[in-house]
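To start, the structure itself, in structure tokens.
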Amino acid sequence: MTPTPVPPASATAAAGTADDPVRVPVALGDRSYDILIGAGLIGAAGGLIAGVLPKARVCVVTDATVAGRHLDALDASLAEAGISASAVIIPPGEGSKSFDVLEQVVDQVIGGRFERGDAVVALGGGVVGDLSGFAAGIVRRGMRFVQVPTSLLAQVDSSVGGKTGINVSHGKNLVGVFHQPDLVLADTDVLDTLSERHFRAGYAEVAKYGLIDDAPFFAWLEDNWPAVFAGGPARTHAIATSCRSKAAIVARDEKETGDRALLNLGHTFGHALEAATAYSDRLVHGEAIAIGMVLAHDFSVRMNLMGPEDAARVRRHFDAVGLPTRLDQVPGGLPDAGGLLALIAQDKKVSRGALTFILTRGIGQSFIAKDVPGEAVKSFLADELAAG
Ligand code: GLY
């Protein structure tokens with residue numbers, strides 16, 4: 001297959017640099033904001049934040065790993081812009097999305113005498129963004145908030161759209177608020193510091209946007225994924241396209257009463273796999289949803305919604321990039337089909353044995369299916385487990 005040429009970094013042909021970042025607006029009325037995407041943006045963050053939030057003081061929330069890599073550069077940029085700043089450093093990992101760590105962050109923000117007009121700045125991946133966004137949403141009934149996402153997953157998904165929260169013993173993300181940021185700064189250079197495993201896992205969320213409703217983008221990724229992994233204009237294009245897709249969905253359904261649920265493609269199966277592996281390093285989120293998206297397509301074939309060709313394409317593409325696509329690739333084994341269905345039912349609303357899933361009629365043709373029979377899911381999973 002002849003690769004399609006790499007398009008310019010954005011429709012507006014911005015260079016994707018700190019001086020000329022790609023701008024993706026999120027249109028939410030008086031809560032609208034921009035996502036800026038470019039190499040070296042952390043070095044320009046001070047001026048960009050001052051432009052959006054003049055006179056705001058800044059409380060940076062980050063984790064110990066990200067602090068070691070990027071906090072000095074952010075601090076220097078804030079100081080250069082004359083912004084008074086302090087930092088709260090939390091332990092890395094999902095365990096920090098807890099009431100305990102939330103209390104510590106809230107305590108330090110209030111103790112630092114930050115006001116409503118001041119900003120919490122999340123420097124990190126999804127955990128830091130979700131936790132500090134929640135803190136920003138509740139301290140003084142809502143402070144200003146800036147996201148500086150440092151993982152691919154956070155740049156294309158969790159930093160955009162205002163979902164914030166923590167985990168509790170009943171499950172993930174069950175306590176939180178919608179609190180939109182005032183600005184998102186996605187510095188593409190920081191992705192070079194990610195492990196290949198974590199970059200690849202974030203890539204699953206990039207591919208998801210093609211699978212939801214943008215078949216040409218999925219086809220572009222099939223041809224150009226090595227360039228996306230290598231960096232440069234193809235990577236910027238993939239991030240910008242993903243952010244545009246998410247911005248469009250969030251703009252039409254901010255609080256997930258309808259279309260926003262499409263962003264959960266692959267997540268119903270994926271969350272069950274994450275729960276079955278105790279949210280451990282056995283399977284990181286992007287890997288779980290890669291398998292989940294393959295299963296969602298295969299299950300759609302089983303439900304006679306589509307032919308097998310597109311489902312095979314999805315599996316082939318994820319195999320090619322090195323993402324897991326089969327249940328037997330989950331290290332340490334899995335519960336049986338009944339056990340997996342119980343985990344799915346725990347995660348999702350169940351109504352008289354029927355489940356809500358994101359299913360599809362083909363690549364780029366996903367839809368919300370509200371009455372999926374639990375028994376059909378169980379027998380599908382039994383066959384998938386037996387097939388390996
Ligand atoms: N990550 C899914 C959403 O933002 O709705």
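Counting starts at 1 for both ligands and their atoms, following the listed order. These values consider heavy atoms only, across backbone and side chains, with no hydrogens, waters or symmetry-generated copies.
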Exam field: side chain Ser96 to backbone Ile90, donor-acceptor pair closer than 3.5 Å: no
Could you check whether Arg313 pairs with Glu309 (Lys NZ or Arg NE/NH1/NH2 to Asp/Glu carboxylate O, under 4.0 Å)? no
Is it the case that atom CD in Glu80 sees more than 12 heavy atoms from other parts of the structure closer than 6.0 Å? no
Please list the nearest protein heavy atom to atom 4 (O) of ligand 1 with its residue and the distance rounded to 0.1 Å. Lys246 NZ, 2.5 Å
Hphob cluster co-occupancy, Phe218 + Ile249, side-chain heavy atoms under 4.5 angstrom: yes
Is His267 near ligand 1, meaning one of its heavy atoms is under 4.0 Å from it? no
Below 4.0 angstrom from a heavy atom of Arg260, which ligand 1 atoms are there? Numbered from 1 as shown, please. 3 (C), 4 (O), 5 (O)
I need the nearest protein heavy-atom contact for atom 1 (N) of ligand 1: residue, atom name and distance, please. Asp157 OD1, 3.0 Å
